[in-house]
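Below: the structure, in structure tokens.
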Amino acid sequence: MSFSRCQCDYTELAPVLTGSAVGAYAYGVASAQSVDAADIALYNGWLSQKYNAGMAYMERNSDVRTNPDKLLEGAKTVIVCAFAYPRPGSIEWGEGALRIASYALGDDYHEVLRRRLDIAAAEIKRMWGGECRVCVDTAPLRERYWAVKGGLGYIGLNGLLMLPGAGSCFFLGTILSTVSVSPKEPLEMNCGNCRRCIACCPASAIKDTEYGRTVVDCNKCLSCLTIELRGELPEGTRLRDRLYGCDMCQSSCPHNRLTAAPEPLPEFKPRSSLLNLKKEQVENMTQEEYSKLFKGSAIKRAKLEGLRRNARACD
Ligand code: SF4
Ligand code: SF4
């Protein structure tokens, strides 16, 4: 018979979350309260500028997005786990290959994280009782906000979560729990005087705001355009060699260049078939070839038409 006490200290979660079965590199723990007014203002300001580039799902469910209780009734704790993927600088590309964002070179992170977080959620329920809900990029929950609240990292000027001493090449997955877990303290860190990612962004997509934070304009960001946009790219868009995504604001960041790289999960090891894709090959790819090549890959999000369009805009 299991003993459950419906509360614990965040340190007690470490063996569950960072053990080999789940494999999180690190985790944060926050109390499941309503989202801060300042953060809601930043998000709404971003929407009002139309920086979401027509991605209407980002405008919906604002009540759920600001209140975790709407996703899991009685939620007391938000646990955010970080899972390492390969850094862009570590990828060995074939001669003349088109580039794919390093996070997308292995298996689809949605499935990998869900499988691993389901194990964690079952263990949390077994040990401490209560209910859990796993969210991986599909529910209206802003992982980065909760990661900051839960002391996992801070938001860099590139808009990504920065883990101290480990950089930003991590997927984030969340477990909401009705168990009361003592939270971690948020970190007092920021980018200091560095603005390197802003200077290196090929699309000038990182914008200052009146809220003292930067945001990304998805109308310009090459990652958003190559992955999320349906239909034609804006007139005159040149992608150089970027077939899917853009890694520049990560690869230029000193925290991803000068710190020891965390070991990526085995599922995210780059598939050799994706390191050698040529422009002509993508332009002429059949649906059958596409389905075979990208089986179990997050790249399917762009669809064959989207990849062909991107290849046409490459040099
Ligand atoms: S992904 Fe690329 S285009 Fe988008 S903000 Fe980062 S550097 Fe700029
Ligand atoms: S490049 Fe500099 S400014 Fe940009 S996220 Fe990294 S540390 Fe922050």
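One-based numbering, in listed order, for ligands and for the atoms of each. Side chains included, hydrogens not; waters and symmetry mates left out as well; all remaining heavy atoms used.
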Practice item. Determine, using heavy atoms of Leu222 and all atoms of ligand 1, whether some pair is separated by less than 4.0 Å. Key: yes
[atom]: the protein heavy-atom neighbour that sits closest, reported with distance to 0.1 Å:
atom	answer
atom 4 (Fe) of ligand 1	Cys221 SG, 2.4 Å
atom 6 (Fe) of ligand 2	Cys253 SG, 2.4 Å
atom 7 (S) of ligand 2	His255 CD2, 3.5 Å
atom 8 (Fe) of ligand 2	Cys191 SG, 2.2 Å
atom 2 (Fe) of ligand 1	Cys246 SG, 2.3 Å

Could you tell me whether the side chains of [X] and [Y] share a donor-acceptor contact shorter than 3.5 Å?
X	Y	answer
Asp9	Ser182	yes
Ser168	Arg87	no
Asp217	Asn219	yes
Asn52	Glu59	yes

Could you tell me, atom by atom, which parts of ligand 1 come under 4.0 Å of a heavy atom of [X]?
X	result
Met248	7 (S)
Cys201	3 (S), 5 (S), 7 (S), 8 (Fe)
Pro202	7 (S)
Ser223	1 (S)

Practice item. Taking the side chain as every heavy atom from C-beta outward, state whether Met162 and Asn190 have any atom pair closer than 4.5 Å. Key: no
Review point. Is any side-chain heavy atom of Leu307 less than 4.5 Å from a side-chain heavy atom of Tyr290?
Key: yes
Review point. Quick check: are there more than 12 heavy atoms from other residues, nucleotides or ligands sitting under 6.0 Å from NZ of Lys70?
Key: no
Check your understanding: Just checking, Lys303 and Phe294: is the charged tip under 6.0 Å from the six-membered ring centre and within 45° of the axis?
Key -> no
Would you mind listing which atoms of ligand 2 come within a distance below 4.0 Å of any non-hydrogen atom of [X]?
X	result
Leu157	3 (S), 5 (S), 8 (Fe)
Pro254	1 (S)
Met162	5 (S)

Exercise for review: Give the contacting part of Ile206 toward ligand 1: side chain, backbone, both or neither, where contact means a heavy-atom distance below 4.0 Å.
Suggested key: side chain
Exercise for review: Give a yes or no on whether the backbone of Leu157 and the side-chain of Thr214 come within a donor-acceptor separation of less than 3.5 Å.
Suggested key: yes
Exercise for review: Flag the pair Arg126 and Glu123 as a salt bridge only when some basic side-chain nitrogen lies within less than 4.0 angstrom of an acidic carboxylate oxygen.
Suggested key: yes
Review point. Taking 4.0 angstrom as the limit, do Glu131 and Lys125 come out as a salt bridge?
Key: yes
Check your understanding: Do any of the N, O or S atoms of Cys197 sit under 2.8 Å from atom 6 (Fe) of ligand 2?
Key -> no
Review point. From atom 2 (Fe) of ligand 2 out to just under 2.8 Å, does an N/O/S atom of Cys194 turn up?
Key: yes
Check your understanding: Within the stated cut-off of 2.8 Å, is an N/O/S atom of Cys200 closer than that to atom 8 (Fe) of ligand 1?
Key -> no
